[in-house]
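Here the structure comes first, spelled out in structure tokens, and everything after it is commentary.
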2 protein chains.
Amino acid sequence: MKAQALHGHLDALLLAVLEQGALHGYAIIEALRARSDGSLDLPTGTIYPALRRLERAGHVASTWSTVSGRERRTYQLTDSGRRALAGERAGWREFQLTVGRFLDPGSPPTPA
Amino acid sequence: MKAQALHGHLDALLLAVLEQGALHGYAIIEALRARSDGSLDLPTGTIYPALRRLERAGHVASTWSTVSGRERRTYQLTDSGRRALAGERAGWREFQLTVGRFLDPGSPPTPA
DNA sequence: CTTCATACGTAGCTACGCTACTTGTCGAAC
DNA sequence: GTTCGACAAGTAGCGTAGCTACGTATGAAG
């Protein structure tokens, strides 16, 4: 799918992925790809800065570790992040309904 | 709703509104507000440039007219615009499904 | 005669995802 | 023993596109 359409919803996706458990950046990319059947294949230049944003905002916390010689920064959801995710879910629902009213088939196009 | 979340979907909304009949810019703003129950209240600085974009792309065509002393630029969908709208609808559907898989309740969060 | 709704428009800002790049380890292939 | 691809992190700079804040002008209402 057109990737840039994500605008404004990426944070929500990241929080949602981390909701199921802490992951490091590279694993997050793979999780997004897997759970979307390949539709979401985001470059590192997209998700790493996004994760830093979320950390600055206090929605995730990170810890470094070394696994078989490779450095990993593992991110986990904070309480603030969980609240933010709830808000994002509500926002998504409203967005979906609003846009769907125009783009979903069978929407009210001057109903008969 | 958070307005900037529209990023990438505004063109689709405009085409969808014009699908029901030609309208001038100001009327498009009101149509969006009405059909969304006030959720979409877009400033002129958003929709006028967007309409110019769509016209440059050949998806709409405009004609000037004067109604009770006021200049109006009325936009109507072209064939190209109708095709574009169909594409946007398909894109929206995919986007909705993909993001929904992460944000809709009851999505597969490592299903039991 | 001032204010508000109608109607058009642009300049400049900002947010944010993307492209392209760099650095480094490890295992497998050759 | 070197090269190549998967793993793992990161930044600089770009482009897109919606938003803020203006500016202009008419007609109706008070």
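What you see is a predicted model, and the numbers here were worked out from it, not measured in a lab. Each chain gets a letter, A, B and so on, in the order the sequences are listed, and its residues count up from 1.
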>> So Gly45(B), base contact, sugar-phosphate only, or nothing? Heavy-atom distance under 4.0 Å.
In response: base
>> Please enumerate all residues that pass salt bridge (charged side-chain N to carboxylate O under 4.0 Å, His left out) together with Asp79(B), with sequence neighbours excluded.
In response: none
>> Heavy atoms within less than 4.0 Å of DNA chain D: which residues of residues 60-74 of chain B have one? Give them sorted by number.
In response: Ser68(B), Gly69(B), Arg70(B)
>> Is the ring pair Phe95(A)/His9(A) parallel, tilted or perpendicular, if the boundaries are 30 and 60 degrees?
In response: tilted
>> Please report the distance, rounded to the nearest Å, between CZ in Arg52(B) and P in dA7(C).
In response: 18 Å
> Could you state the CG-C1' distance from Leu6(A) to dG18(D), rounded to the nearest angstrom?
Replying inline: 17 Å
>> As a test of reading the structure: which of dC8(C), dC19(D), dC18(C) is closest to the side chain of Thr46(B), going by heavy atoms?
In response: dC19(D)
>> Whole angstroms only, please: what is the CG-C1' distance between Leu54(A) and dG17(C)?
In response: 14 Å
> Counting side-chain heavy atoms from C-beta on, which of dG18(D), dA7(C), dA20(C) comes nearest to Leu10(B)?
Replying inline: dG18(D)
> Distance only, no hydrogens: is a donor on one side chain within 3.5 Å (strictly under) of an acceptor on the other, for Ser80(A) and His59(A)?
Replying inline: yes
> Any idea which of dA8(D), dA5(C), dA20(C) is nearest the Tyr26(A) side chain?
Replying inline: dA8(D)
>> Using whole Å, what does the distance between atom C1' of nucleotide dG10(D) and atom CD1 of Ile29(A) come to?
In response: 11 Å
>> Checking contacts here: which listed nucleotide (dA6(D), dG17(C), dC18(C)) is nearest the side-chain heavy atoms of Pro43(A)?
In response: dC18(C)
>> Using the side-chain hydrogen bond (donor to acceptor under 3.5 Å, both in side chains) criterion, which residues pair with Glu55(B)? Sequence neighbours excluded.
In response: Ser62(B)
> Does Glu71(A) have any side-chain hydrogen bond (donor to acceptor under 3.5 Å, both in side chains) partners at least two apart in sequence or in another chain, and if so, which?
Replying inline: Thr66(A)
> Once you round it to whole Å, what is the distance between C1' of dC7(D) and CD1 of Ile28(A)?
Replying inline: 15 Å
>> Suppose we screen for side-chain hydrogen bond (donor to acceptor under 3.5 Å, both in side chains). Which residues come up paired with Arg33(A), at least two apart in sequence or across chains?
In response: Asp41(A)
> What integer distance in Å separates Leu23(A):CG from dC7(D):P?
Replying inline: 15 Å
> How close or far is atom C1' of dC7(D) from atom CD of Glu30(A), stated in whole angstroms?
Replying inline: 8 Å
>> What is the separation between atom CG on Leu51(A) and atom P on dA8(D), rounded to the nearest whole Å?
In response: 15 Å
> Taking the side chain of His7(A) as its heavy atoms from C-beta onward, which of dT11(D), dT6(C), dG17(C) lies nearest to it?
Replying inline: dG17(C)
>> Any side-chain N or O of Tyr48(A) below 4.0 angstrom from OP1/OP2 of dA9(D)?
In response: yes
> Do the side-chain N or O atoms of Arg53(A) get closer than 4.0 angstrom to the phosphate oxygens (OP1, OP2) of dA15(C)?
Replying inline: no
>> Under the rule for side-chain hydrogen bond (donor to acceptor under 3.5 Å, both in side chains), what residues qualify as partners of Arg70(B), not counting sequence neighbours?
In response: none
